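Since the structure comes first, as structure tokens, the remarks are kept for the end.
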Amino acid sequence: MKVLLINGSPRNVGVTAKTLHAIEKELLDHGVDTEFVELGKIKMEHCIGCCSCYATGHCHIDDDAEELSEKIAKADGLVLGSPTYASNVSGVMKDFIDRGHFVIEQLLHGKYCITVATGENYGNRDTMKVLNDLVLYSGGRLSDSILVKAPFNDASGVEELINTKAKKAAGKLFYGIEKKSFHPIQTLFHYVIFNFGIRSFVQKKGKKYQGVTNKWKANGIF
Ligand SMILES: Cc1cc2nc3c(=O)[nH]c(=O)nc-3n(C[C@H](O)[C@H](O)[C@H](O)COP(=O)(O)O)c2cc1C
């Protein structure tokens, strides 16, 4: 069982990293094979909006973002964390969302996920919604979501809370993957989004989106 943890904070010692490491520790205790990725440290260009990936199935920019997207495709689970920047995800997380082939390619099909949003005053629920929507629209199943509110650079008052939430979330993720947990409401929501939104949109595009339909066929999505 392989789970990737992706820290969307440019700071690798902040509260987002702390929360993700607490989840990782619990997953390791369950015997899960984990990999921790710092988005702030990888080589990642911005998406330039050429849309060539829809035709070919891969981005023409051959950097770490493309490699990370391929790793996600092979993993069983994903933990996505971001601090709140101006009531949204961080810049590096947004870059990765744009580069990662998530929604159109249904990158998270059959994968179980945890989202983590941190902030110090207002807007972390907006951050969480961005991450949760990303998971659900991309075909993933949300095992748990963690919201952490703490003063900037000071998690001392919330460490116990982080550890408690991390233990609970990691357990849900582990058993979700092991037992292939069924989430009826999420499944229904995704069915509507995919069949009445994404699928018809892509099919109307024909050969321009051949790379997308090839991936769906390869992954048994459609
Ligand atoms: C550029 C910037 C914008 C921020 N905007 C918000 C915000 O809108 N709402 C909020 O609650 N916190 C905001 N914060 C605070 C961070 O979200 C918060 O301290 C977060 O936990 C930091 O995560 P980290 O320690 O993992 O880097 C902002 C911080 C920065 C650096």
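In each ligand, atom 1 is the first atom listed, and ligand 1 is the first ligand listed. Any value given below was found using the heavy atoms of this structure, including those in side chains, with hydrogens, waters and symmetry copies removed. Predicted model only: the values in this text are computed from it and were never measured. The chain is numbered in sequence order, starting from 1.
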Nearest non-hydrogen protein atom, [atom]:
atom                    : value
atom 11 (O) of ligand 1 : N121 N, 2.7 Å
atom 3 (C) of ligand 1  : Y85 CA, 3.6 Å
atom 28 (C) of ligand 1 : T84 O, 3.2 Å
atom 9 (N) of ligand 1  : Y122 O, 2.6 Å
atom 22 (C) of ligand 1 : P83 CB, 3.7 Å
atom 19 (O) of ligand 1 : F152 CD1, 3.2 Å
atom 5 (N) of ligand 1  : A86 N, 3.0 Å

[X] side chain vs [Y] backbone, donor-acceptor pair below 3.5 Å:
X    : Y    : answer
T127 : N88  : yes
S69  : A65  : no
Q186 : L142 : yes

Proximal atoms of ligand 1 relative to [X] (non-hydrogen, under 4.0 Å):
X    : result
E120 : 10 (C), 11 (O), 12 (N), 15 (C), 18 (C)
G14  : 24 (P), 25 (O), 26 (O)
T16  : 23 (O), 24 (P), 26 (O)
T118 : 17 (O), 20 (C), 21 (O), 23 (O)

Worksheet, complete the sentence: Quick look: S9 vs ligand 1, heavy-atom contacts under 4.0 Å, and the answer is side chain

Worksheet item: Counting only heavy atoms, which portion of R11 has something under 4.0 Å from ligand 1: side chain, backbone, both, or neither?
Response: side chain

For the rings on [X] and [Y], is their centre-to-centre separation under 6.0 Å?
X    : Y    : answer
Y137 : H190 : no
F102 : F96  : yes
F194 : W216 : yes

Worksheet item: Does Y85 belong to the same Ile/Leu/Val/Met/Phe/Trp/Tyr cluster as L134, with side-chain heavy atoms less than 4.5 Å apart forming each link?
Response: no

Discussion item. Tell me whether L107 shares a hydrophobic cluster with I114, the cluster being built from Ile, Leu, Val, Met, Phe, Trp, Tyr side chains joined at under 4.5 Å.
Written reply: no

Practice prompt. Measure the shortest side-chain to side-chain distance between L68 and D64 over non-hydrogen atoms and say whether it is less than 4.5 angstrom.
Written response: no

Discussion item. Using a 3.5 Å cut-off on N or O atoms only, is S87 in polar contact with ligand 1?
Written reply: yes

Discussion item. Heavy-atom contact check, 4.0 Å cutoff: does V15 meet ligand 1?
Written reply: yes

Worksheet item: With a 4.0 Å cut-off on heavy atoms, is G119 touching ligand 1?
Response: yes

Item to complete: Show your working on side chain to side chain contact (heavy atoms under 4.5 Å, CB included) between H101 and C53 and close with a plain yes or no.
Response: CA-CA 8 Å; H101 310 264; C53 61; 3.7 Å; yes

